[in-house]
Amino acid sequence: MIDARRLRLGAAPLAMGIALAAVPAFAQDAPAEGTAADEGDAIVVTGTRIARPDFSNPNPVVTVDSTTIQQSGQTNLTEFLSDNPALLGSQRNINTAGSNLLNAQSVGVNLLNLRNLGTSRTLVLVDGKRHVAGYPGTAAVDINTIPTDLVERVDVLTGGVSAIYGADGVSGVVNFILKKDFEGLSLRAQNSISQRGDAGERYIAATAGKNFADGRGNVTVAYEFNQTDRFSQKQRLNYGRTGPSYALVRNPADGSPGSVDDDPNVPDRILLTGLRWADSSMGGAIDFTGDGVPEFTGEGTPYDLGSYVPGTAFTIGGDSTPREIYYGDYTPYTRRHILNGMASYEFSPAFKLHAEVKYVKSKAWTESQPTYDLYTELASDNAYLIERFGEDLTADGALFSRDNFDFGQRRYELDRELWRGVISATGELSSHLNYDASFVFGQSTQRSTNYGDRIADRYYAALDSVYDANGNITCRINLPGETDIFGASDGNPVVFNGPPKTFRPGECVPLNILGNGSPSKEALDFILANHSDYARLRQYVASFSLSGDTGAFFELPGGPVGFAIGAEYRKETSYSRPSEYSIDAALIDNSAAQIERGSFDVKEVYGEIRLPILTDMAFAEDLSFGGAIRVSDYSTVGTTTTWNVNGTYAPVRDIAFRGTYSKSVRAPNITELFSPLNGSFEFIDDPCGIDRIAEGKAPRAANCATALGALGIDPDTFNPADSPFSPGNSSLLGSQGGNPDLSAEKATTWTAGVVLNPRFLPGLTMSFDWYDIKLTKAIQYSTAQDIVDLCYDQPTLDNDYCSLISRSGTTGFVNSFKVIPQNVASFRTAGLDANIRYRIDLGDKAGKLDLRLVGNYLDRLSFVPSLGAEPENELDSSVYPAPKFSASFDLTWTKGPFTLNYGIDWWDKTRRVTREEQAANPDYAEAKYIWYRQKWEHELYAAYDVSDKFQFYGGINNLFDRKPDDGALGYPISAVGRSFYVGIKAKVF
């Protein structure tokens, strides 16, 4: 029997014969004067493999060129592209640093996210070819591995591209087109700094190229260096009313939301500052009575409790640890070196050989929060306890809670190397038929290091410090006859008991935690580990395609039929090996992990056709149709088929209508399929708490009452928010893994638009395109918070999510969770893209104006978490973000050697408080805090061409020094504030 998962080769000729493969794309920026487009030559743009003689294509593409990138002042491509309305939700540096960091493997990793449908659903290409991923187990490309100065342009295409490029592009594609056939030597250098003297950045790029053999050959070498300073949140304390100094928290002057003491005329939450972590300090908060309330500091003075803020883990005033110094960095330190080499030679029009190799060496690191203890036990005969407080106070021992700043804040570091090679052969088989054969290999290796994690057996052994027979302080485990360690903590994520695993008795170094700065260097060296994970990703892609037209033997009234057919083989592998400490589950602060390995390959055939029905006729300046199909055979999910149809109609040259309809797929990635169950720490705000019970869907209250009642807990008084032990205030250890039974996601996308080029306004081009994307069988990799909320918001407790959590029979708190992906979700998004460009020649004396506006109206963004569940409206959400309106505006004036650019990045207000939260508690907060304010960021750029070979430029970002919103952490605008940059470009020869 033939394996049904293998590609049915008998279908391949049929697919090629049908030749329905790609969506031709519309480049919104008009071609520059003197380009091939002006000369009538055919060109290839993103979204098609068919060369086209014009830009009247059915799919919208937003194009930005290298000049626009330079005028932004950004040398980080993701930071620049995330101002595009379609890419607002991309993973930027603020998402990969400090307490926002997922893990050390993601420090400084920048990923693009089209339409807020996820980084895994955005396909990133370089010169139309795939690129090795930047994060283990995924296909997501780290944009920091693409050289900024080599980019000629970037095309952003919405939806419908799986038939052309394969999986992962259900939301669209971002294609980076690099400069080629470079001649001469160019240099560029830029330096930037904030107004306050921090958040600096340095950038250098050099490109050298030489043509030879009468222009038939070229060799180009390019080098790029980029370094950005680590930017700590502590550098922005007292920076307006923003986080981390301010937070919107429960109002001490009001009762618990939903309780009889809740005054509807008093806001439930107010903006407060001076917050501290309750009952925990940098030198230790010591509790001798066991009631959870400390009586003394670790330094031995009476403990000032401050004023508790109900429903939080905070106080105001007192001796506890200030919240504002706790979270680490806004952005990480990053450094990258990128070396590119390219060579090409045309032996004849029928055979041109091109080779490219890239090497990237990068490093990024960030500081996060310190390690901490919650109600960890010190024995009554602890020597340091006796020294500090005397024997009278230690009869029953003590509990301590401590934020271990003197251990050093935890540091996460990522070192990476990436190699990518491309070799291709292209040529003309005839004037109507071309071929393209290529092979791509990519490899990314990385070592991610955690600094300052506590080794469990060593830590609890070192804490248990006693006097030996000679009156010296030593670890109890060092004493004769001692074989076991006895650790105890009510709040630490890991407690160790038993014989030592990582050391031998006699090697333990006693640890004094009483007082900030008390731990000795020798003790810290003994208890702390710096440990590294290793990962390697590899990609192999072999492809061959034929493209051309039927001009040699057949033409329609509008011209010859364009076509492209091809085949591709791709293999992806990923291997991740955690540190030995993680594999052995030996750490307190880093969860246990297992080796993850997996691979898949896919064999594909595709085809594409364009039918020019009419052209240059009355009421039919252009009428064409096209389509695409791709048949793929995955080693993991079997055979999939994607297709699209498209068309354009221009009754006159001033106006064109266009549209596409497509079916796309995304196969699950390696981690989603093959990841073993590993430990994962997460915070969970309990949806059944009295402060959140009314914020969910209609079934939540009844489901919570049933679940808590079964444990003998009164749902009317269940208040985890007030407990320091709840997973909302102390992270909970759970597990996360893959699911080998996943199937491919499916997406339906349609677009419809109009392009206007009015002859009475030369230089004006406008396009307006409606898009609608529906994703079904979506792979949902929920957070622990999502799982718990979704469990209680379903019609009954008998659902997929409740089976992944459990509750303590004593406290009722969630005490375990398991996160695994499932094909249970769906997404829907729709909106209107607007793209306007107007070029005005003001005359020789006044110069030229170039106006660009890219805007979006988001009509819909909804998420259905499981089959049969109600859609969740994510429109206006700040989490994505998903503003209803967003826009990027540029106005450039050029006169002779002088260029002046003014830019505005804007989006509408977004919700700080969800619809459900506001409906449940109309008095949730003052009206001004229900929404985050609009984003307004103004930019100014100026350049002067000293000669044809030298240019000086500079600019200001965040011109008016706008600050993040009250209580927000770098949102909706960066916390850097006003910054300045200067640069120089030189074309030496």
Side-chain angles (χ1 to χ4, degrees), residues 64-84 86-98 100-101 106-113 119 122 124 126 131 134-135 140-154 156 174 176 178 188-194 198-205 222-231 329-338 340 358 360-366 414 416 418 888 903 905 937 939 941 953-958 970 973-977 979-983:
V64 291
D65 58 21
S66 56
T67 300
T68 306
I69 296 172
Q70 178 181 317
Q71 289 175 353
S72 73
Q74 297 285 358
T75 56
N76 180 303
L77 288 170
T78 305
E79 297 293 332
F80 166 74
L81 289 171
S82 61
D83 288 330
N84 184 305
L87 292 164
L88 296 181
S90 298
Q91 180 174 296
R92 301 158 49 230
N93 278 340
I94 193 171
N95 308 117
T96 64
N100 287 335
L101 185 68
S106 62
V107 182
V109 175
N110 288 179
L111 309 174
L112 296 180
N113 182 354
T119 58
T122 302
V124 173
V126 176
H131 191 286
Y135 189 83
V141 176
D142 180 12
I143 307 306
N144 286 329
T145 61
I146 298 174
T148 303
D149 208 50
L150 269 187
V151 172
E152 180 71 34
R153 74 175 198 269
V154 185
V156 181
V174 181
F176 292 84
L178 302 185
R188 180 183 170 202
Q190 181 176 311
N191 190 52
S192 65
I193 194 76
S194 82
D198 52 24
E201 182 176 9
R202 292 151 295 282
Y203 176 82
I204 298 172
Y223 168 74
E224 187 166 297
F225 171 78
N226 192 209
Q227 183 182 50
T228 60
D229 295 337
R230 168 178 162 258
F231 181 45
D329 298 337
Y330 279 113
T331 56
Y333 167 88
T334 64
R335 183 183 70 221
R336 62 173 181 167
H337 302 268
I338 304 181
N340 275 74
K358 176 173 71 172
V360 182
K361 174 69 173 176
S362 62
K363 181 175 184 176
W365 66 271
T366 185
L414 182 63
R416 291 192 298 168
L418 182 143
S888 179
D905 295 314
E937 184 168 11
E939 301 165 348
Y941 166 91
Y953 67 90
I956 306 173
N957 287 330
N958 196 355
I973 196 169
S974 165
V976 170
S979 62
F980 306 89
Y981 62 92
V982 293

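It should be emphasised that the depicted structure is a prediction, and the values quoted were computed from it without experimental measurement.
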S.K.: For the residue pair Y953 / Q71, report whether a side-chain donor-acceptor contact shorter than 3.5 Å exists.
M.R.: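 Not at all, the side chains of Q71 and Y953 share no donor-acceptor pair under 3.5 Å.
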S.K.: Would you say N100's side chain and I94's backbone share a donor-acceptor pair under 3.5 angstrom?
M.R.: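 Yes: the side chain of N100 pairs with the backbone of I94.
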S.K.: Mind listing the closest non-hydrogen atom pair of N957 and S72 along with its distance?
M.R.: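 It is OD1-O, 3.3 Å.
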S.K.: Can you sort out the partners of N113 under side chain to side chain donor-acceptor pair (under 3.5 Å), two or more places apart, ordered by chain and number?
M.R.: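 In terms of side chain to side chain donor-acceptor pair (under 3.5 Å), with neighbours along the sequence ignored, N113 is linked to no residue.
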S.K.: Heavy atoms only: give me the nearest E937-I973 pair and the separation to one decimal.
M.R.: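 Looking at all heavy atoms of both residues, the shortest contact is CB-CD1, 3.8 Å.
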S.K.: Could you check if a side-chain atom of D229 sits within less than 4.5 angstrom of a side-chain atom of R202, using non-hydrogen atoms only?
M.R.: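 In contact.
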S.K.: Step by step, would you call T78 with L112 a side chain to side chain contact (heavy atoms under 4.5 Å, CB included)?
M.R.: CA-CA 7 Å; T78 305; L112 296 180; 4.1 Å; yes
S.K.: Just checking, is any N or O donor in the side chain of S106 or T96 under 3.5 Å from an acceptor N or O on the other one?
M.R.: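 Side chains of S106 and T96: no pair found under 3.5 Å.
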S.K.: Flag the pair L101 / T366 as yes when at least one side-chain heavy-atom distance between them is below 4.5 Å, and no otherwise.
M.R.: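 A side-chain contact under 4.5 Å exists here.
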S.K.: Within the 4.5 Å heavy-atom criterion, are V109 and L414 side-chain neighbours or not?
M.R.: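 When only atoms from C-beta onward are counted, L414 and V109 do touch, with a gap below 4.5 Å.
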S.K.: Using a distance-only test with no angle check, is there a side-chain donor-acceptor pair under 3.5 angstrom linking E201 and T75?
M.R.: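 Looking only at side-chain atoms, T75 and E201 do form a donor-acceptor pair, the distance falling under 3.5 Å.
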S.K.: Rounded to the nearest 0.5 Å, what's the gap from CZ on R336 to NZ on K361? Could you check?
M.R.: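 Interatomic distance, R336 CZ to K361 NZ, rounded to 0.5 Å: 15.5 Å.
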S.K.: Is there a side-chain contact between D149 and Q190, using heavy atoms and a 4.5 Å cut-off?
M.R.: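 No, too far: nothing below the 4.5 Å cut-off.
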S.K.: Sequence neighbours left out, what passes side chain to side chain contact (heavy atoms under 4.5 Å, CB included) with S974? Give chain and number order.
M.R.: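 So S974 forms a side chain to side chain contact (heavy atoms under 4.5 Å, CB included) with V976.
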S.K.: Under 4.5 Å between any side-chain heavy atoms of I143 and L111, yes or no?
M.R.: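 No; the side chains remain at least 4.5 Å from each other.
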S.K.: Can you name the closest pair of heavy atoms from F176 and V154 and give their distance?
M.R.: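 Heavy-atom minimum between the residues: CD2-CG2, 3.7 Å.
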S.K.: Would you say Y135 and D142 make side-chain contact, with heavy atoms under 4.5 Å?
M.R.: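 Contact flag for Y135/D142 side chains = no.
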S.K.: Whether the side chain of K358 engages the backbone of T145 through a donor-acceptor N/O pair (distance < 3.5 Å, no angle test) should be reported.
M.R.: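 Yes: the side chain of K358 pairs with the backbone of T145.
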S.K.: Are the side chains of N93 and N110 in contact, using a 4.5 Å heavy-atom criterion?
M.R.: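 Side chain of N110 against side chain of N93, heavy atoms only: contact under 4.5 Å found.
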S.K.: If I compare all heavy atoms of R416 with all of G134, which pair ends up nearest, and what's the gap?
M.R.: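 So the minimum-distance heavy-atom pair works out to NH1-O, 3.1 Å.
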S.K.: Is there a side-chain contact between V64 and F80, using heavy atoms and a 4.5 Å cut-off?
M.R.: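 Side chain of V64 against side chain of F80, heavy atoms only: contact under 4.5 Å found.
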S.K.: According to the salt bridge (charged side-chain N to carboxylate O under 4.0 Å, His left out) rule, which pairs have a member within residues 68-80, sequence neighbours left out?
M.R.: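 Matches after skipping sequence neighbours: E79-R92.
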